Number of protein chains: 4
Amino acid sequence: MEKREVQASVKDERLVQKRRDQMIKGAVALFKQKGFHRTTTREIAKAAGFSIGTLYEYIRTKEDVLYLVCDSIYDHVSERLQEDLAVEKGTLDSLKHGIADFFQVMDEMQAEVLVMYQEVKSLSKDALPYVLKKEMEMVAMFEELLTRCVENGELTLSEKQIELIAHNIFVQGQMWGFRRWALRRLFTLEEYIEMQTEILLSGVQGRVSGAVAVPEKG
Amino acid sequence: MEKREVQASVKDERLVQKRRDQMIKGAVALFKQKGFHRTTTREIAKAAGFSIGTLYEYIRTKEDVLYLVCDSIYDHVSERLQEDLAVEKGTLDSLKHGIADFFQVMDEMQAEVLVMYQEVKSLSKDALPYVLKKEMEMVAMFEELLTRCVENGELTLSEKQIELIAHNIFVQGQMWGFRRWALRRLFTLEEYIEMQTEILLSGVQGRVSGAVAVPEKG
Amino acid sequence: MEKREVQASVKDERLVQKRRDQMIKGAVALFKQKGFHRTTTREIAKAAGFSIGTLYEYIRTKEDVLYLVCDSIYDHVSERLQEDLAVEKGTLDSLKHGIADFFQVMDEMQAEVLVMYQEVKSLSKDALPYVLKKEMEMVAMFEELLTRCVENGELTLSEKQIELIAHNIFVQGQMWGFRRWALRRLFTLEEYIEMQTEILLSGVQGRVSGAVAVPEKG
Amino acid sequence: MEKREVQASVKDERLVQKRRDQMIKGAVALFKQKGFHRTTTREIAKAAGFSIGTLYEYIRTKEDVLYLVCDSIYDHVSERLQEDLAVEKGTLDSLKHGIADFFQVMDEMQAEVLVMYQEVKSLSKDALPYVLKKEMEMVAMFEELLTRCVENGELTLSEKQIELIAHNIFVQGQMWGFRRWALRRLFTLEEYIEMQTEILLSGVQGRVSGAVAVPEKG
DNA sequence: GATGAATGAGTGTTCATTCAT
DNA sequence: CATGAATGAACACTCATTCAT
């Protein structure tokens, strides 16, 4: 997908990237603490280590910062997931691995995910669709993983079920990020990964053998 | 739980309630449209049908409005769920019914849920814990439903599994509300309810007979 | 002509007028001193005797202040000129009287005229045509005075000459306002009025009979 | 008159002149379009064909650019008028020629004149008197032309009348520049020149003999 | 001499909150 | 109780100017 460009006055691309990285890092910390709206551009500049004037050499509006943050998050997550997809297997193990990886990234990037999750709606009508599309792409990665398993005969799932389960995985990943105040008291990340995967696959594998329904009938 | 009081200058309790209802109704519409931060107190007053001066007779700060909105939403949802719990059954059907009901409420109150979901973090350190506690109470209702099923022998689940699944149900309910831009294209509410329930229970029921795990072991 | 409305948040029309009068008065003084661009809205508010917040209850943008100033100037000048036109004479004396009156107003409103003259171009594409139209109306008043004299046989002038002379009168009036740094050293207002009128009419009357110069010599 | 110096860091005088010419040319175009205040130094630099850093090698403040522009305009106009004065005649025709020339320059340099006219007041207390003096010098040229005619017996005018008429000529010239939105619809430049000259001289000649109107009638 | 990244004081504008009527 | 005019702290954003390279 085409990158939605955020205009900078400074020409040196390397410098732009460096400054934006500083910016994003500072902004995430602030947004996490006080949210996008309660954070001022001056605070962002300060956290990034430069002046307000310099901040505006690299963005055009405050919203650009938010967009840059969201974009960077998705980039990181996508990159990680792509690695799992690269291994062309279609086995249950590769699926499990993908899920575990995703949950792990969500754990590592907890701050960023939280921010993104609560602030996307603040994006303009211009940037929102772009970010949403990125999200769909990530869901699509899980659809891909699931489809491969189905094609491999490891799972029996309808198209719609694949889509729903992909969404579930995605949301459960985010859930670990933004409900950690509740979940952390109950589970370690490893437990969470294991238990969610188990629930997911036990329900889903059951469909392979039709055995699930038996007790209900019996 | 103790109600966290929002102070009003007006003494007449009935009037206070009436005005706040007007206020909440107007505020939800506005928050849904433009979010808490982009909505001004003047707009809230106008949408509520009275002047800015009057608004401040019934609240102390803008944040009070948000708190009132959140509180009202939870009240509505809780009330609805309590009805399901009231019927002391512990059958799978009653669980299914509870889930369906919850998803339905989430659908009906989509606007409110969305608002609450994206704006809670804007609550002060004072109000946030109170709202979070309410959320825990709702999750606890599902734990209760699940526990009864386990006690009734309809399901076999550990304590931790109950808690996780309760969270899952809750999050999937919210998911219908705030991911509807993606889900609505794939499922009707009925399909969504049916499919999610199926996945949830097939995984979970499988545990009753141990049949699910077999393929994994084999 | 339709008044171009400047929107106010305050409803009480009388109050709006009062506050705007304060505002205009303060603004003219400031604009005269430092020009529109170098004057801050805060300064305008202070000069008007209220806070910056209050200022913005009566206008929407800084430019509104400029428009209000221009509008008010034209209103004052027009009003004064209308009185001269009201007396339906068409004599040379009535023309002289009109010119003298105009120059006098320009003298009295020197500050305002200077401001308007130097700052109109700062008006937006929205307000500018409206102000220009007002200016044309004022020129038209002199055309009217001149036309009556021609109809009365007091002067012999072509259509085009009437238009040009009307413009000349208008510009000479302004000239007294914005070139006073040079003119004041040479003439009193009375002298200026007398001499300009003489030049104007001697040239113009001369066309009728050539008699003009005679009485002066005699 | 002493040139008011604008300090430059660069020593090479030829280069300084070259860069400033580029600068003035670009600045006039921009000032005409958006006025002095709405034009940024960056825009000026860009229009001039070099960087902001370079711009500041040749001026000290933004205001210097305005001064340079004004100065350059007067230089051009003066130069042109000096040519007319050089021919030491003192005839009515030479006066007419001078007026026509001035109006023509005002037409050609319309953009510049407009700019200068509307922005002089933005000059600092330092530069303003200098520019005003230049203006007086130009008025003085017309005084000179008129005085010669009087000395030659072609006109009969008092000192004060000479000064006033010189001002009138000057202002009517500018008027063609900054009121062209109104005048262009009524007159061509040629018509304007002819009609203004006629009015001016008929009034003024009339004083000599009262004969002015005669030829027209006869 | 030329460049352009960095700076931060300053600007127009908004909006939660108060309080006299 | 209700109103809405008044307030001013706070904010996003701009731009003239500097200076290290």
Side-chain angles (χ1 to χ4, degrees), chain A residues 8-12 15-16 19 37-46 49-65, chain B residues 8-12 15-16 19 37-46 49-65, chain C residues 8-12 15-16 19 37-46 49-65, chain D residues 8-12 15-16 19 37-46 49-65:
Chain A
S9 304
V10 173
K11 303 286 166 184
D12 182 342
L15 188 56
V16 170
R19 292 280 180 260
H37 283 105
R38 291 208 209 280
T39 301
T40 68
T41 50
R42 276 176 159 80
E43 286 171 326
I44 296 170
K46 194 173 181 184
F50 36 70
S51 72
I52 180 67
T54 301
L55 179 72
Y56 275 89
E57 292 283 313
Y58 297 93
I59 55 163
R60 273 235 283 251
T61 68
K62 186 186 175 189
E63 209 214 271
D64 281 346
V65 181
Chain B
S9 307
V10 173
K11 301 296 165 196
D12 181 344
L15 189 54
V16 170
R19 292 279 182 256
H37 282 103
R38 292 204 210 281
T39 301
T40 68
T41 50
R42 281 174 147 82
E43 286 171 325
I44 295 171
K46 193 174 180 184
F50 37 72
S51 73
I52 181 66
T54 302
L55 180 73
Y56 273 86
E57 294 286 318
Y58 297 93
I59 55 164
R60 275 239 280 250
T61 69
K62 186 187 175 190
E63 210 213 272
D64 281 347
V65 181
Chain C
S9 304
V10 173
K11 303 288 166 181
D12 182 343
L15 189 56
V16 169
R19 292 279 180 260
H37 282 104
R38 291 208 209 280
T39 302
T40 68
T41 51
R42 280 173 161 81
E43 287 170 325
I44 296 171
K46 193 173 181 184
F50 36 71
S51 73
I52 180 65
T54 300
L55 180 72
Y56 274 88
E57 291 283 313
Y58 297 93
I59 54 162
R60 275 235 282 249
T61 68
K62 186 186 176 191
E63 209 214 273
D64 281 347
V65 181
Chain D
S9 307
V10 174
K11 300 296 165 198
D12 181 343
L15 189 54
V16 168
R19 291 279 183 256
H37 283 103
R38 292 205 209 283
T39 302
T40 68
T41 50
R42 280 172 147 84
E43 287 170 325
I44 295 171
K46 193 174 182 185
F50 37 72
S51 73
I52 180 68
T54 302
L55 181 72
Y56 274 86
E57 294 285 317
Y58 298 93
I59 54 163
R60 273 239 279 253
T61 69
K62 185 187 175 188
E63 210 213 272
D64 281 347
V65 181

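Letters A, B, ... are given to chains in the order of the sequence lines, protein chains preceding strands, and every chain is numbered from 1. Just so it is clear, the structure is predicted and the values come from calculations on it, not from any experiment. Only heavy atoms go into these numbers, but all of them, side chains included; no hydrogens, no water, no symmetry mates.
Nucleic acid contact for A/Ser9: sugar-phosphate only, since backbone atoms but no base atoms lie under 4.0 Å from a heavy atom of the residue.
Taking for each of B/Gly49 and A/Lys62 the nucleotide of DNA chain F with the nearest heavy atom, the 5'-most of the two is the partner of B/Gly49. Between A/Leu15 and B/Thr61, the residue anchored nearer the 5' end of DNA chain E, judged by the nucleotide with its closest heavy atom, is A/Leu15. In terms of position on DNA chain E, the residue among A/Gly53 and B/Thr39 whose nearest nucleotide sits closer to the 5' end is A/Gly53.
Comparing F/dT7, E/dA2, E/dA6 by their closest approach to the side chain of C/Phe50 singles out F/dT7. Minimum atom distance to the side chain of C/Tyr56 is reached by E/dT14, of the listed F/dC1, F/dT7, E/dT14. Minimum atom distance to the side chain of A/Glu57 is reached by E/dA6, of the listed F/dA5, E/dA2, E/dA6. Of the listed nucleotides (F/dT17, E/dT3, E/dA5), E/dA5 has the atom at the smallest distance from the side chain of A/Lys11. Ranking F/dT14, E/dG1, F/dT17 by closeness to the A/Ile52 side chain, first place goes to F/dT14.
With rounding to whole Å, D/Asp64 atom CG is found 13 Å from F/dT17 atom C1'. Note: NE2 (B/His37) to C1' (F/dA12) measures 15 Å, nearest angstrom. Here the P atom of nucleotide E/dT3 and the CD1 atom of D/Ile44 are 16 Å apart, to the nearest Å. When the P atom of F/dC15 is taken as reference, atom NZ of D/Lys46 falls 14 Å away, rounded to whole Å. Distance A/Ile59 CD1 to E/dA5 C1': 16 Å, rounded to the nearest Å. Nucleotide F/dT21 holds its C1' atom 13 Å from the CG atom of A/Asp12, rounded to whole Å.
C/Thr61 and C/Tyr56 make their closest contact through CA-CE2, 4.4 Å (heavy atoms, listed as atom of the first residue, atom of the second, distance). Minimum interatomic distance between C/Leu55 and C/Thr41 (heavy atoms only, all atoms of both residues): CD2-O, 3.5 Å. Between A/Thr54 and A/Tyr58 the shortest heavy-atom distance is O-CD1, 3.0 Å.
When the side-chain nitrogen and oxygen atoms of B/Tyr58 are compared with OP1 and OP2 of F/dC1, none of them lie within a distance under 4.0 Å. A sub-4.0 Å separation between OP1 or OP2 of F/dT3 and a side-chain N or O of B/Ser51 is present. The side chain of A/Thr41 contributes an N or O atom lying less than 4.0 Å from OP1 or OP2 of F/dA12. The phosphate of F/dA2 (OP1 or OP2) has a side-chain N or O of B/Arg19 nearer than 4.0 angstrom. Phosphate proximity of E/dT7 to A/Thr54: present, with a side-chain N or O under 4.0 Å from OP1 or OP2.
A donor-acceptor pair under 3.5 Å links the side-chain atoms of C/Lys62 to the main chain of C/Thr39, judged by distance alone.
Side-chain to base pairing of C/Arg42 with E/dT13: one donor and one acceptor N or O lie within less than 3.5 Å of each other.
For F/dG4, the paired base is E/dC19 (Watson-Crick or G-U wobble, both distances below 3.5 Å).
The distance from atom CZ of A/Arg38 to atom OG1 of A/Thr40, rounded to the nearest 0.5 Å, is 13.0 Å. To the nearest 0.5 angstrom, C/Arg42 atom CZ is 10.0 Å from C/Ser51 atom OG.
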